[in-house]
Number of protein chains: 2
Amino acid sequence: MVTNFDKKNFIKNFKINCKKIQIKKFLKGETVTTYIEKRNQICIVLSGEVDLIRYDVNGNKTIIGHFVENDIFGEVFYPANTNNELFITSVKKSEILFFTYDTLFEKCEFECNFHKELMNNLSELFIDEIIDLNLRIELLTKRSIREKLLSYFEILSKRSMRKIFTIPYTYTDLADYFSVDRSSLMRELKMLIDEGFIKKEGNKITLLF
Amino acid sequence: MVTNFDKKNFIKNFKINCKKIQIKKFLKGETVTTYIEKRNQICIVLSGEVDLIRYDVNGNKTIIGHFVENDIFGEVFYPANTNNELFITSVKKSEILFFTYDTLFEKCEFECNFHKELMNNLSELFIDEIIDLNLRIELLTKRSIREKLLSYFEILSKRSMRKIFTIPYTYTDLADYFSVDRSSLMRELKMLIDEGFIKKEGNKITLLF
DNA sequence: ACAAATCTGTTGCATTTGCAACAGATTTTA
DNA sequence: TAAAATCTGTTGCAAATGCAACAGATTTGT
């Protein structure tokens with residue numbers, strides 16, 4: 001977080017009564033939106049979790065993004081001219097706020113404060129998103145699965161200020177996040193254990209160095 | 001580009017006479033800034049090109065970002081708690097604009113318009129940066145070098161609306177961008193040629209499908 | 001509470017990728 | 001414009017990763 005502005009409160013302190021902004025609820029497995037049409041949509045996760053999924057021409061499915069409470073996503077952030085179909089699926093019961101980037105800067109007929117607040121704080125949300133993306137690139141560009149794991153563990157360790165911490169994903173999802181084969185990831189984990197670098201109990205990891 | 005706002009003009013139409021914003025010039029090879037200290041710095045490339053370079057604990061050097069005219073970068077966008085040393089080097093003669101995210105929202109003593117404009121247009125710059133990062137992740141998460149190349153070529157082809165187009169990097173840099181070994185990339189290129197998918201003349205590529 | 005679905009852990013084998021090394025081409029710099 | 005530096009193109013071999021397949025554990029849904 002860059003400043004001490006609090007994303008949660010800024011969103012939740014406002015009663016949203018303006019037509020430019022919509023809130024919808026989704027159940028697990030439902031499709032929240034697709035990135036096919038060009039409508040400059042921006043979304044914020046108010047509660048729950050959603051995945052950004054890519055189906056390529058061969059039908060391969062990859063989770064290329066994962067958004068949790070207060071994360072921002074939307075087709076505005078995606079390059080045009082991609083071949084893939086991208087869409088957002090709800091991982092669990094979720095509440096999503098929708099608005100259109102362009103209309104956000106138009107004056108609201110109800111003069112609602114949410115509008116103004118959202119505009120003011122949009123930069124902070126963008127910066128947080130950029131930080132997340134850079135972190136992922138940081139890890140994706142590591143040369144081996146081992147390096148990916150160790151870098152990621154060190155980050156989690158520093159964040160929690162402990163040598164022991166919990167991975168916030170399943171191993172299946174972690175493999176997706178790193179974009180590597182799950183069984184290869186498990187194998188590398190095992191080697192790290194055997195070589196005495198880490199200890200593992202479920203998704204609790206202890207660094208031994 | 002999301003709206004029809006023009007980044008170049010917005011920056012160049014203003015005479016910058018406020019102390020909160022600095023412009024510095026750099027020669028090839030000079031270090032523009034480091035991402036070690038936490039000072040919420042944001043930079044915009046006015047002219048030239050810079051690389052974001054990572055040195056990891058083993059001393060391996062990786063180019064993890066490349067910024068050209070009108071691109072935005074800075075330590076604000078990087079997760080804290082990384083082990084790596086990140087710094088920005090000038091690839092050629094460059095002109096860089098510096099400001100601090102926090103002070104941008106303070107009132108300027110000269111009441112200069114640039115301030116206001118910069119604030120208003122910051123979101124657009126952020127969105128463009130997010131689009132670039134998502135594109136890179138899109139490619140990095142492709143499962144093989146072949147898929148990375150083909151996806152990238154298709155994007156370049158669609159952008160230029162031609163089957164023939166020029167890669168805006170050297171092959172060495174492209175390998176860095178994909179985070180793969182250069183010789184492996186060359187080998188895969190050759191296979192694509194031999195199998196009749198593409199034609200290649202220097203960094204001009206023709207799609208044959 | 002039971003069935004269904006998903007996730008974990010493991011392995012052998014095929015394939016891809018990385019590494020090292022080098023010669024020639026091209027570009028940059030003094 | 002000559003020398004230095006960087007980039008291209010290539011190869012053989014080693015190492016890492018992906019793929020397929022499966023059994024048991026865990027979680028989820030009804």
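All heavy atoms count here, side chains included; hydrogens, waters and symmetry mates do not.
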In whole Å, what is the span from the [atom1] atom of [X] to the [atom2] atom of [N]?
{"X": "B/Ile145", "N": "C/dT16", "atom1": "CD1", "atom2": "P", "answer": "10 Å"}
{"X": "A/Leu189", "N": "D/dT17", "atom1": "CG", "atom2": "P", "answer": "12 Å"}
{"X": "B/Asp181", "N": "D/dA16", "atom1": "CG", "atom2": "C1'", "answer": "13 Å"}
{"X": "A/Tyr177", "N": "C/dC7", "atom1": "OH", "atom2": "C1'", "answer": "21 Å"}
{"X": "B/Met191", "N": "C/dT15", "atom1": "CE", "atom2": "P", "answer": "11 Å"}
{"X": "B/Tyr171", "N": "C/dT27", "atom1": "OH", "atom2": "P", "answer": "13 Å"}
{"X": "A/Leu185", "N": "C/dT11", "atom1": "CG", "atom2": "C1'", "answer": "16 Å"}
{"X": "B/Glu147", "N": "C/dT16", "atom1": "CD", "atom2": "C1'", "answer": "12 Å"}

What contact category does [X] fall into here, base, sugar-phosphate, or nothing, at under 4.0 angstrom with non-hydrogen atoms?
{"X": "A/Arg187", "result": "base"}
{"X": "A/Thr170", "result": "sugar-phosphate"}
{"X": "A/Arg182", "result": "base"}
{"X": "B/Ser144", "result": "sugar-phosphate"}

Any chance the side chains of A/Gln41 and A/Thr33 put a donor and an acceptor closer than 3.5 Å? yes
Can you find a donor-acceptor N/O pair under 3.5 angstrom joining the side chain of B/Ser183 to the base of C/dC19?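 Indeed, a donor on one side and an acceptor on the other fall under 3.5 Å apart.
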State which of D/dT11, C/dT17, C/dG9 makes the closest approach to the side chain of B/Glu188. C/dT17
With respect to the side chain of A/Met186, which nucleotide from D/dG9, D/dT17, C/dT10 is positioned closest?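 Minimum distance to the A/Met186 side chain belongs to C/dT10.
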At under 4.0 Å, does any side-chain N or O of A/Lys190 touch on OP1 or OP2 of C/dT11? yes
Does OP1 or OP2 of C/dT28 have a side-chain N or O of B/Lys92 closer than 4.0 Å? no
Side-chain donor or acceptor of A/Arg54 paired with backbone N/O of B/Glu138 under 3.5 Å: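 Confirmed, A/Arg54 side chain pairs with B/Glu138 backbone.
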Could you tell me whether a side-chain N or O of A/Asn134 sits under 3.5 Å from a main-chain N or O of B/Phe77, the two making a donor and an acceptor? yes
In terms of the nearest nucleotide of DNA chain C, which residue is placed more toward the 5' end: B/Lys148 or B/Lys28?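 On the 5' side of the pair lies B/Lys148.
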May I ask you to decide whether A/Arg146 forms a salt bridge with A/Glu195, counting only side-chain N to carboxylate O separations under 4.0 Å? yes
What I'd like to find out is whether the side chain of A/Thr206 reaches to under 4.5 Å of the side chain of A/Ile198, using heavy atoms alone. no
